[in-house]
Amino acid sequence: MTDRPDDTPAPRDADELTDAVSELGATDTDRLEAVEEHNASLEERLPDGSDLPRTHEDPEANGTPAQG
């Protein structure tokens with residue numbers, strides 16, 4: 001058991017998912033383009049590897065991530 005409250009949203013049913021997808025566009029192509037634009041926006045906001053110091057291993061630390 002955790003101290004964190006469970007704020008996970010309840011699963012959506014098929015009708016709710018269909019409504020959510022239809023809001024992205026009128027046609028399948030429009031919906032795919034909306035998803036592609038959203039994904040591109042997310043990729044632009046991802047930090048590059050140099051912004052993540054814990055991903056670089058310190059060779060003197062026996063394979064453990066470098067501490068910063």
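All heavy atoms count here, side chains included; hydrogens, waters and symmetry mates do not. Small disclaimer: the values here were computed from a predicted structure and weren't measured. Each residue takes its place number in the sequence, starting with 1.
Taking Asp28 as the reference, Arg31 meet the salt bridge (Lys or Arg N to Asp or Glu O under 4.0 Å) condition, with sequence neighbours excluded. Residues meeting the side-chain hydrogen bond (donor to acceptor under 3.5 Å, both in side chains) test with Thr27, sequence neighbours left out: Asp30.
The shortest heavy-atom contact between Arg12 and Ala20 is NH1-CB, 3.7 Å.
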Only distances under 3.5 Å count here; give the side-chain donor-acceptor pairs of residues 38-47 to other protein atoms, sequence neighbours excluded, each with its distance to 0.1 Å.
from, atom 1, to, atom 2, distance (Å)
Ser41, OG, Arg45, NH2, 3.2
Arg45, NE, Ser41, O, 3.2

